[in-house]
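Sequence lines set the chain letters: A, B, ... in the order given, protein chains first and strands last, and positions in each chain run from 1.
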There are 2 protein chains.
Amino acid sequence: MSQSADGIARWRRVADEIREMIGGGLEKLPVETELAARFGVNRHTVRRALAALAAEGLVRSERGRGTFVERLPERLVYPVGARTRFTENVSRLARQPAGRLIAATREAADGQLARELSLRPGAPLHRLETLHVADAIPLSVGTAWFPAERFPNIVAAYAETGSVTKALAAHGVDDYRRHQTRIGAERVGRADAAHLACPADGIVLVTESANYDPKDVPIQFSRSRFLADRVELLIDS
Amino acid sequence: MSQSADGIARWRRVADEIREMIGGGLEKLPVETELAARFGVNRHTVRRALAALAAEGLVRSERGRGTFVERLPERLVYPVGARTRFTENVSRLARQPAGRLIAATREAADGQLARELSLRPGAPLHRLETLHVADAIPLSVGTAWFPAERFPNIVAAYAETGSVTKALAAHGVDDYRRHQTRIGAERVGRADAAHLACPADGIVLVTESANYDPKDVPIQFSRSRFLADRVELLIDS
DNA sequence: TTAGTCTACTTGATTAGACAACTAGATCTG
DNA sequence: CAGATCTAGTTGTCTAATCAAGTAGACTAA
């Protein structure tokens, strides 16, 4: 707040002015030195303002090219319910869905996973990291754990079909449902940001839920991270 | 990435080192000048690192006092469903709930609000800004719109009772429910951050939904912002 | 004792300057 | 003409220095 008549930091007012410029509909901002001259402040003060605007998702700076206004496309509405299926959800919106396997490992169930999947701690699991894309735009990354004994070939089945539903069907599970879903939000992790092709300071909606077969035996626990800029969740009651 | 042997920015490595220090369990970080001396960099480089850590929610700087490690308390689980009621949700958890009126204005329905509330555009609405607190910890701020003609005294009723349910009961609405809830996430706004007593770069879960009376007439549209650090939403299917 | 004041310390803001790393287009070269 | 090279322009990083503003404790005066 210092060095300023009315006690409001200069960079905040610079940010406000740039925000107004953005409203005018321009696509590329003037370069930092130009902005600094125009507002009569140091280039660093402009950079502080731009950092704030970038954190709001309004602008994006690219080294050597310039600073560009971010025009957010409309967010895709993703229904969450007992029968949430990524492929169905996305194709209903006339978009082209795709699931891609990023990585697969075998691991032992820790306390939480054992509880969620009704297994003993230490039970073998397949862990799949997957990326979900609609119209070539990454929407989410997910981690899914399956009991390895019941679903020995889940990794290959998913890699082949790109669909959890089909991979489970290959193991004789025709239908499944979820009872509860927990939803949180946090800053995107570094690895997820790379897969989602989003800024490092992006925000993800995190859903955690278990899927159950028709006999109410848990068959999968998953933790999905949806990029909040691109997706909004819809709860039907 | 400049001025550095291996192409990784100094402030990133400083941030990593501080992150490790935090893991050690200390509560207050050394002062910026001390950190700068210890890592052999300028104080501004330390500040750049601290800004990154603050954005991750790991530390919080207070002018004149120092920089402190943030220990996140467990998040409160907030069920979202057809009969979501803040007071019930919170008191079920043996916490002390409280709703406080921040502001109330009269405004005309815009296109979206008119559609959500089945009113003509321009219809008069009461708009209430409310703050929701559990055990003196702010959890969420909400904006609620009510048709002014049907609920003329909603502002006074809410101010008195601190509860939407009771305020509606005073207007003869015994029960209400919601059909859908949309959930998104974004950076907290400046005014909200002040009310929620959270860092300016906090993240909020945003829920939007309409409530309907037993005859399925919409009586309220609301947009709540839950601080993601303190709350997690639970969907029951 | 109490209330006010002073002071050292700490983070916040701003300016100045320098160089690194990257981009895109112009220019040169075979 | 194709490809390599150069160059001006742009953002990223880092150092240095200074003052503002808030905090907390010590000190002082009533």
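Taking only side-chain nitrogens and oxygens, R65(A) comes nearer than 4.0 Å to OP1 or OP2 of dA24(C).
Counting to the nearest Å, the P atom of dG12(D) and the CD atom of E32(A) are 6 Å from each other.
H44(A) contributes a side-chain N or O that forms a donor-acceptor pair with the base of dG17(C) under 3.5 Å. For R43(A) against dG12(D), a side-chain-to-base donor-acceptor contact under 3.5 Å is present.
Closest to the T45(B) side chain, of the nucleotides dG12(D), dA13(C), dC14(D), is dC14(D). Nearest nucleotide to the N42(B) side chain, out of dT15(C), dG12(C), dA16(D): dA16(D). If you check dT13(D), dC22(C), dT14(C) against the side chain of A9(B), the one that comes closest is dT13(D). For R63(A), the side-chain atoms get nearest to dC22(C) when compared with the rest of dA13(C), dC22(C), dT15(D).
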Could you please spell out the steps behind the side-chain contact (heavy atoms from CB on, under 4.5 Å) verdict for V59(B) and F68(B)? CA-CA 5 Å; V59(B) 303; F68(B) 304 88; over 6 Å; no
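A donor and an acceptor atom, one from each side chain of W145(A) and E116(A), are nowhere located under 3.5 Å apart. R225(A) and T143(A) share a side-chain donor-acceptor pair at under 3.5 Å.
A residue-by-residue look at G40(A) and G64(A) shows that G40(A) has its nearest nucleotide of DNA chain C further toward the 5' end.
T33(B) comes within 4.0 angstrom of no nucleic acid atom, judged by non-hydrogen atoms across all strands.
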